[in-house]
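Structure record follows, encoded as structure tokens.
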Amino acid sequence: VVKKMQHGWQLWRYRQTKGADGDLQAQLRQTLQTLKHEVEISYETEWVQGHQDEQGEISSLPRQVALNVRMDQETKEAYELPGQWQTQRFIPVLQAEGCAVYIADEKITSNLHLNLKERWHEEEAKEYLLKRHNIDATIFPTIHWHSLKFSLSKLSSHQKALAIKALHRHLPTQEKLYKQGRVAMSSICPSCLQEEETNAHVYCCANTESARQRKADWLDL
């Protein structure tokens, strides 16, 4: 962002200009350039590490860092504003952008290449998910796929694989392994020895050690 604010954008590299909020960045740079020439102000751009308030009180932070923290707080509060004050679905092309891409009247303001690929394969992906995981067609629209994707991106490869198996009820439980013939004894839970170890049982096994492990797993996530 700092490099783009310093050197500007090249329209022919449009895909690279569409980082997060690239349209607003372009408009901000144009406004600063206009003020620089018309009012003869000067300014400097400098990268500031985010979330430094996690390491101490905001009053003890340098001014630039404190401003960054304050903007984060203001952004979070903006999500609680009434609907008419929040960003609307249709966003016009800003003057500094030059051009913009819209899909179904929705402006793509970040990750242009990825958004185009996702929309291109959207119907095929939906059909696969409905068939492969038996997701009800009425439930499908209620799943916030972008939030799910964002949450999974924060996990390690091992955690991500485990979370996906849990979401799709494909954990290697005794019940599953017994049906596959991978265990010879039975499908009984090896911890409590009372019930079948199904995907649902994993989350409510009464065994003390199992309960402790569940808590540790949630904290690890």
Side-chain angles (χ1 to χ4, degrees), residues 15-16 18-22 49-51 54-55 72 75-76 79-80 87 89 101-221:
R15 191 181 79 179
Q16 281 72 30
K18 286 299 175 183
D21 300 321
Q49 181 181 350
H51 308 292
E54 297 174 357
Q55 304 171 12
D72 284 341
T75 301
K76 292 177 181 178
Y79 285 107
E80 303 300 326
T87 301
R89 178 181 175 85
V101 173
Y102 291 82
I103 300 178
D105 293 329
E106 183 178 354
K107 184 180 181 182
I108 307 303
T109 59
S110 65
N111 300 319
L112 176 63
H113 190 242
L114 178 61
N115 272 282
L116 289 175
K117 286 198 301 182
E118 287 182 346
R119 292 302 180 95
W120 185 268
H121 298 289
E122 185 174 8
E123 288 304 316
E124 290 88 346
K126 180 179 179 180
E127 183 180 349
Y128 169 79
L129 289 170
L130 289 172
K131 183 178 180 180
R132 175 68 177 79
H133 301 294
N134 297 318
I135 300 176
D136 191 283
T138 58
I139 297 177
F140 192 91
T142 67
I143 302 174
H144 202 290
W145 297 101
H146 288 289
S147 297
L148 180 60
K149 178 181 177 181
F150 177 78
S151 299
L152 291 174
S153 70
K154 299 297 181 181
L155 303 178
S156 66
S157 298
H158 173 71
Q159 292 173 328
K160 188 183 299 184
L162 183 62
I164 291 174
K165 287 180 181 180
L167 285 170
H168 295 303
R169 301 181 295 280
H170 289 323
L171 291 172
T173 61
Q174 284 293 110
E175 178 200 40
K176 186 178 185 69
L177 297 176
Y178 183 68
K179 286 181 178 179
Q180 294 176 344
R182 295 165 63 184
V183 292
M185 298 294 290
S186 71
S187 59
I188 296 298
C189 173
S191 297
C192 68
L193 301 176
Q194 295 179 3
E195 301 179 32
E196 276 195 326
E197 189 187 43
T198 62
N199 279 270
H201 180 78
V202 169
Y203 299 103
C204 58
C205 179
N207 179 268
T208 303
E209 181 60 25
S210 295
R212 187 198 64 78
Q213 187 60 50
R214 284 199 300 272
K215 182 178 180 181
D217 290 340
W218 280 114
L219 291 175
D220 187 47
L221 293 176

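When each of E127, K126, R132 is paired with L130, the side chain to side chain contact (heavy atoms under 4.5 Å, CB included) condition holds for K126 and for no other. For the pairing with S210, the side chain to side chain contact (heavy atoms under 4.5 Å, CB included) check across Q213, R212, R214 returns one residue only, R214.
Looking only at side-chain heavy atoms (C-beta outward), N115 and V101 stay at 4.5 Å or farther from each other. Under the 4.5 Å side-chain criterion, counting only non-hydrogen atoms from C-beta, I103 is in contact with L116.
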Please list, one pair per line, the donor and acceptor atoms closer than 3.5 Å that link side chains of residues 171-178 to other protein atoms, with sequence neighbours excluded.
from: T173; atom 1: OG1; to: K176; atom 2: N; distance (Å): 3.3
from: T173; atom 1: OG1; to: E197; atom 2: O; distance (Å): 3.2
from: Q174; atom 1: NE2; to: S186; atom 2: O; distance (Å): 3.3

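Expressed to the nearest 0.5 Å, how far CD1 of I188 lies from CD of E196 amounts to 6.0 Å. Atoms CD1 and CZ, on I108 and R119 in that order, are 5.5 Å from each other to the nearest 0.5 Å. Annotation: the span from L155 atom CG to L162 atom CG amounts to 9.5 Å, rounded to 0.5 Å. Taking CZ of F140 as the start and OG1 of T142 as the end, the distance is 9.5 Å to the nearest 0.5 Å. Of the inter-residue distances, the one linking L129 atom CG with I143 atom CD1 reads 8.0 Å to the nearest 0.5 angstrom.
When all heavy atoms of A163 and L152 are compared, the closest pair comes out as CB-CD2, 4.0 Å. Heavy atoms only, all atoms of each residue included: L114 and K149 are closest at CD2-NZ, 3.3 Å.
Within a 6.0 Å radius of CH2 in W145, more than 12 heavy atoms belonging to other residues, nucleotides or ligands are found.
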